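All residue numbers in this chain count up from 1 along the given sequence. Only a predicted model underlies this, so the values are computations on that prediction, with no experimental measurement involved.
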Amino acid sequence: MADSPPLFALCIDPSGTEDLEKGKVYQVLPDSTAEKEGMLRVIDESAEDYLYPSAFFVALDLPQKARDALAVRT
């Protein structure tokens with residue numbers, strides 16, 4: 001899925017974690033196993049990916065220019 005466009009989500013409730021900021025946009029990595037468990041794999045400020053409850057986020061439908069600007073380069 002390397003050709004799929006980057007996905008993003010807005011953090012709406014970082015309950016109990018200091019690693020997320022409410023109102024911040026995070027890049028989401030596809031992870032079907034995590035999604036089945038109600039989790040999202042997101043990239044934080046350290047450029048590392050971690051699993052968080054999907055209830056902490058709302059998915060964003062962004063224009064291509066915005067996705068390109070926000071995408072974490074690896």
Side-chain angles (χ1 to χ4, degrees):
M1 285 202 179
D3 294 339
S4 59
L7 306 172
F8 295 92
L10 177 70
C11 181
I12 58 169
D13 180 13
S15 295
T17 181
E18 295 179 12
D19 300 325
L20 298 173
E21 294 179 38
K22 185 176 182 177
K24 182 165 180 159
V25 175
Y26 291 90
Q27 186 169 345
V28 177
L29 299 179
D31 186 332
S32 58
T33 303
E35 289 174 20
K36 290 176 187 173
E37 299 294 324
M39 306 290 277
L40 284 181
R41 184 171 298 282
V42 301
I43 300 175
D44 71 6
E45 292 77 20
S46 69
E48 297 291 328
D49 60 279
Y50 296 97
L51 292 175
Y52 294 100
S54 57
F56 285 10
F57 303 92
V58 292
L60 298 175
D61 183 17
L62 299 172
Q64 184 62 48
K65 278 186 165 183
R67 290 192 307 258
D68 290 346
L70 291 170
V72 174
R73 304 292 178 217
T74 55

Query raised in the report: Hydrophobic clusters join Ile, Leu, Val, Met, Phe, Trp and Tyr when side-chain heavy atoms are under 4.5 Å apart, directly or via other members; which others share one with Met39?
Result: Leu51
Report task. Any chance you could pull the hydrophobic cluster mates of Tyr50, using side-chain heavy atoms under 4.5 angstrom and chaining through other members? Result -> Leu7, Leu20, Tyr26, Val28, Leu40, Val42, Tyr52, Phe56, Phe57
**Report entry** Sequence neighbours excluded - salt bridge (Lys or Arg N to Asp or Glu O under 4.0 Å) pairs with any residue from residues 30-39
**Finding:** Asp31-Arg41
Report task. Report the distance from atom CG of Leu70 to atom CZ of Phe8, rounding to the nearest 0.5 Å. Result -> 5.0 Å
Query raised in the report: Taking only residues two or more places apart in sequence, or in another chain, which ones meet Ile12 in a side chain to side chain contact (heavy atoms under 4.5 Å, CB included)?
Result: Leu10, Val58
Requested in this report: Mind checking side chain to side chain contact (heavy atoms under 4.5 Å, CB included) for Ala59 and listing every partner two or more places apart, or none if nothing turns up?
Outcome: none
**Report entry** salt bridge (Lys or Arg N to Asp or Glu O under 4.0 Å) pairs, two or more places apart, involving residues 8-29
**Finding:** Lys24-Glu45
